[in-house]
Each structure stands twice: as C-alpha cells, then as structure tokens.
Amino acid sequence: MKSLIQISKFLSLILRHQPETIGLKLDDNGWANIEELIAKTNQKGQRLNRKLLDEVVTTNDKQRFAISDDGLSIRANQGHSLQVDLKLVAKQPPEVLYHGTATRFVTSILETGLQAKSRQQVHLSSDIPTAIKVGKRHGKAIVFTVAAQQMYTDGYLFYLSENQVWLTEKVPSKYLQQNN
Ligand code: HQG
C-alpha cells in the first residue's frame, strides 16, 4: 500500500465493514488482534507492519482507530456497518448537533427522517464546518440542525464516539431544520 491514507481506507474497510476480505474476525466489541491483522494483510500481498499501523493510528486526521490499552488490538471508533458493541455510554448531547448531507437526499430525509442506512447509527457533528465536509463526500453539501437536546428529553439516546462523533439510532424529521 502506497500511502498512509490508503492504509487508513483499507483499515476502515476491514475494521468497519468486511474483515472477511482477509479472513479476519473481529470480537463482539469490534476489536481485531493486531498481529493477526498484519499477518493476514501481508498474506493478501499488501505491505503492512506494526510501525506503519501505529503511524496511521496516530496521524489519522479523524482519529478513526483506537489501539487497546494492552497494545494488542485495534478497532474503528465509529462508522461500522458490522454489528459490533462499542460499549459506549449514553450521554447527554448539546442543545443542537449537525448533519451534513447532499442536496439530493433532502426530500427523502424530510419525509422519513435521518436513517442509519448502511451504518449502525446516524452520525452527527458538533460543528457546522465538519458537517459540511461530511456532506461534500456525497455531492453538493447541505446541513441540517438537529434538535438534539429536545430528542434527548423525548427519550432518544446519544453516544459520543472516542473520536468525537455523535451517534444516535435515527432522527425523525420533526427534529430537523434545514440550514442553507
Ligand atoms: C443519508 C464519515 C435519504 C445521509 C463521515 C448520508 C461521518 C438519507 C447517507 C461518517 C436518509 C449515508 C458517516 C434518508 C440518511 N433518505 N438519505 N431518509 N437518511 N440519509 O456515509 O453521515 O471519513 O453512511 O444523510 O465523516 O455521510 O468514514 O453516512 O448522506 O462521520 O471516518 O444517507 O462517515 O467518516 O451516508 O457519514 P454515510 P454519513 P469517515
């Protein structure tokens, strides 16, 4: 693999979506054994070693990955399509959060609310610039303000991932306000 970004993308695929691609299994909490991950990656002809892996984890722009306290395992902090239990503790959200998406999804979102789609949860940002970046990944960006505190009062649970992404199961459209 040529760059740290490519390794990060590869790790996202393996640790969030398809560990079976290299014959790897994650535990119930999403952890992979690092030695095994490296060995199986190399077996597939992709160069990876502990030094490179550590470099990806520490330099990653969004801190997408965490290494366990004993240094033996790695997991993705959020973004899974796989069923994993990250053991996050429910937390009171701020008054509002933001969700960046593409303009072409607006009609559908206003009809059915924000859904997790292929991921385990809906991802929310705590500031608008981050939400714009997330939205741009899909096309022309648009940002929704989410009445997070109101949702929380109404019984919805919120979680904050280790890399500061807010997660919730769904956001009904009555809690959404279009920003731009
Ligand atoms: C949209 C990246 C139509 C939703 C980011 C989004 C984030 C609907 C898309 C993280 C809908 C799903 C997650 C509805 C939701 N109708 N469209 N009812 N409900 N959608 O990629 O939030 O770089 O699964 O608005 O930065 O864009 O990978 O979710 O546009 O933190 O670490 O369906 O992934 O992080 O797209 O991004 P995604 P997301 P990483």
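Indexing begins at 1, ligand by ligand and atom by atom, following the structure's order. Because the structure is a prediction, the values reported are computed rather than measured.
Using a 4.5 Å cut-off on side-chain heavy atoms (C-beta onward), Val146 and Val96 make no contact. Looking at Gln83 and Gln120, their side chains come closer than 4.5 Å, going by heavy atoms from C-beta outward.
For ligand 1, the atoms sitting less than 4.0 Å from at least one non-hydrogen atom of Thr101 are 4 (C), 6 (C), 25 (O), 30 (O), numbered in the order shown with element in parentheses. Listed by number with element, the atoms of ligand 1 under 4.0 angstrom from any heavy atom of Ser108 are 3 (C), 14 (C), 16 (N), 18 (N). Residue contact check: Arg16 has heavy atoms under 4.0 Å from atoms 28 (O), 32 (O), 40 (P) of ligand 1. Set against the non-hydrogen atoms of His123, the atoms of ligand 1 under 4.0 Å away are 7 (C), 10 (C), 13 (C), 22 (O), 31 (O).
Residue His99 holds the heavy atom nearest to atom 4 (C) of ligand 1 of all those in Arg137, Lys170, Lys117, His99.
When the shell of 6.0 Å around CD of Gln115 is examined, it contains more than 12 heavy atoms from other residues, nucleotides or ligands.
For ligand 1, the polar-atom distance check finds an N/O of Gly113 within less than 3.5 Å of one of the ligand's N/O atoms.
Side-chain atoms of Lys170 never come within 3.5 Å of backbone atoms of Leu114 as a donor-acceptor pair (strictly under, hydrogens ignored). The backbone N or O of Gln78 lies less than 3.5 Å from a partner atom in the side chain of Arg16, making a donor-acceptor pair.
Protein heavy atom at the shortest distance from atom 15 (C) of ligand 1 is Gln115 O, 3.4 Å. Regarding atom 27 (O) of ligand 1, its nearest protein heavy-atom neighbour is His138 NE2, 2.7 Å. Of the protein's non-hydrogen atoms, Arg119 NE, 3.4 Å is the one closest to atom 38 (P) of ligand 1. The nearest heavy-atom contact from the protein to atom 35 (O) of ligand 1 is Lys62 NZ, 2.9 Å. Remark: minimum distance from atom 23 (O) of ligand 1 to any protein heavy atom is reached at Arg64 NH2, 2.9 Å.
Listed by first and then second residue, the side chain to side chain donor-acceptor pair (under 3.5 Å) pairs involving residues 137-147 are Thr145-Asn179 (not counting sequence neighbours).
Heavy-atom distances between Ala116 and ligand 1 stay at or above 4.0 Å for every pair. Judged by the shortest distance from any of its heavy atoms, Lys133 lies outside the 4.0 Å radius around the atoms of ligand 1.
Taking both residues in full, the closest heavy atoms of Trp166 and Pro94 are given as CZ2-CD, 3.6 Å, listed atom of the first, atom of the second, then distance.
Put simply, Met151 and Ile109 are part of the same group of oily side chains (I, L, V, M, F, W, Y) that touch within less than 4.5 Å, one to the next. A continuous path of Ile, Leu, Val, Met, Phe, Trp and Tyr side chains, each step under 4.5 Å between heavy atoms, connects Leu15 with Ile38, placing both in one hydrophobic cluster. Taken together through direct or relayed side-chain contacts under 4.5 Å among Ile, Leu, Val, Met, Phe, Trp and Tyr, Leu176 and Val106 form part of one hydrophobic cluster.
Using a 4.0 Å cut-off between heavy atoms, Lys9 makes no contact with ligand 1 at all. When non-hydrogen atoms are compared, ligand 1 lies under 4.0 Å from neither the backbone nor the side chain of Glu111.
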